[in-house]
*Asks:* 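Before we start, here is the structure in question, set down as structure tokens.
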Amino acid sequence: QVQLVQSGGGLVQPGGSLRLSCVASVNIVSFQKMGWYRQAPGKQRDLVALITENGATGYADSVKGRFTISRDKAQNTIYLQMDTLKPEDTAVYYCNAVISAAYYWGQGTQVTVSS
């Protein structure tokens, strides 16, 4: 059973930074891709950033240049470094992993950007 456990998040002022972490219960090299999604109240869950098994990364246009996804294979962990945060980044953020066409999700963590 694959489990993804998230940490990080919280309340930050506009322009601030936060880092999210996601620890997998299995070796992350098993996943075709891992990523971060977010869901604001009343909106659909959207992809924020992803990293493939080869280390290639991709970002939503709204976060390019501000967010960075990375991984630590030894720790079976991926990260989302979020800089220059804006109020519109407020959402619940979910870690995601894909293996053999199966999707796995973290428990979600709230990120609130407000003064």
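Keep in mind that the numbers below use all heavy atoms, side chains included, and drop hydrogens, waters and symmetry copies.
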*Asks:* Count I, L, V, M, F, W, Y as connected when their side-chain heavy atoms are under 4.5 Å apart, and connections chain through other members. Are W36 and V92 then in the same cluster?
*Replies:* no
*Asks:* When you group the ILVMFWY residues by side-chain heavy-atom contacts below 4.5 Å and let the links chain together, are F67 and M34 in the same group?
*Replies:*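 Yes, because M34 and F67 connect within a single hydrophobic cluster, where side-chain heavy atoms sit under 4.5 Å apart.
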*Asks:* What are the two closest heavy atoms between L18 and G10, and how far apart are they?
*Replies:* CD1-O, 4.0 Å
*Asks:* Tell me the side-chain hydrogen bond (donor to acceptor under 3.5 Å, both in side chains) pairs involving residues 100-115, sequence neighbours left out?
*Replies:* Q110-T112
*Asks:* Which ring-ring contact (aromatic ring centres under 6.0 Å, His included) pairs, counting each pair once, include a residue from residues 13-34, with sequence neighbours left out?
*Replies:*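 Checked against ring-ring contact (aromatic ring centres under 6.0 Å, His included) - neighbours excluded - no pair reaches residues 13-34.
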*Asks:* Pairs of donor and acceptor atoms involving the side chains of residues 54-62, under 3.5 Å and at least two apart or interchain, shall be tabulated with distances.
*Replies:*
{"from": "Y59", "atom 1": "OH", "to": "I69", "atom 2": "N", "distance (Å)": "2.9"}
{"from": "D61", "atom 1": "OD1", "to": "K64", "atom 2": "NZ", "distance (Å)": "3.1"}
{"from": "S62", "atom 1": "OG", "to": "R38", "atom 2": "NH2", "distance (Å)": "3.4"}

*Asks:* Does the side chain of V12 reach to within under 4.5 Å of the side chain of M82, using non-hydrogen atoms?
*Replies:* no
*Asks:* For L80 and A49, work out which heavy atoms get closest and say how close.
*Replies:*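 Minimum heavy-atom separation between L80 and A49: CD1-CB, 4.1 Å.
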*Asks:* Do any pairs count as a disulfide (SG to SG under 2.5 Å) and have a residue in residues 24-80, sequence neighbours left out, and if so which ones?
*Replies:*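 Every candidate disulfide (SG to SG under 2.5 Å) pair involving residues 24-80 fails, so no pair, neighbours aside, qualifies.
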*Asks:* Let me confirm one number: the CD1-NZ distance from I99 to K33, rounded to the nearest 0.5 Å.
*Replies:*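 Going from CD1 on I99 over to NZ on K33, the span is 13.5 Å.
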*Asks:* What are the two closest heavy atoms between R71 and I28, and how far apart are they?
*Replies:* CB-CD1, 4.1 Å
*Asks:* Which residue pairs pass the side-chain hydrogen bond (donor to acceptor under 3.5 Å, both in side chains) test when at least one of the two sits in residues 1-29, sequence neighbours left out?
*Replies:*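 Counting only pairs at least two positions apart or across chains, the side-chain hydrogen bond (donor to acceptor under 3.5 Å, both in side chains) contacts touching residues 1-29 are S17-D83.
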*Asks:* Find out if a path of hydrophobic residues (ILVMFWY) with successive side-chain heavy-atom gaps under 4.5 Å connects V26 to I78.
*Replies:* yes
*Asks:* Would V2 end up clustered with I51 when hydrophobic side chains under 4.5 Å apart are linked, directly or stepwise?
*Replies:*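 In one cluster: yes.
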*Asks:* For R66, enumerate each residue passing the side-chain contact (heavy atoms from CB on, under 4.5 Å) test, keeping only those at least two apart in sequence or located in another chain.
*Replies:*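 For R66 the side-chain contact (heavy atoms from CB on, under 4.5 Å) partners, ignoring immediate neighbours, are V63, T84, K86, D89.
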*Asks:* Heavy-atom distance under 4.5 Å between the side chains of L20 and V111, does that happen here?
*Replies:*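 Contact flag for L20/V111 side chains = yes.
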*Asks:* Got a donor-acceptor contact below 3.5 angstrom from the N76 side chain to the V23 backbone?
*Replies:*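 No; judged by distance alone, with no hydrogens or angles, the pair does not exist.
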*Asks:* Treating Ile, Leu, Val, Met, Phe, Trp and Tyr as nodes and any side-chain heavy-atom pair under 4.5 angstrom as an edge, say whether Y94 and V113 lie in one connected cluster.
*Replies:* no
*Asks:* What are the two closest non-hydrogen atoms of A40 and A91, and how far apart are they?
*Replies:* N-CB, 3.9 Å
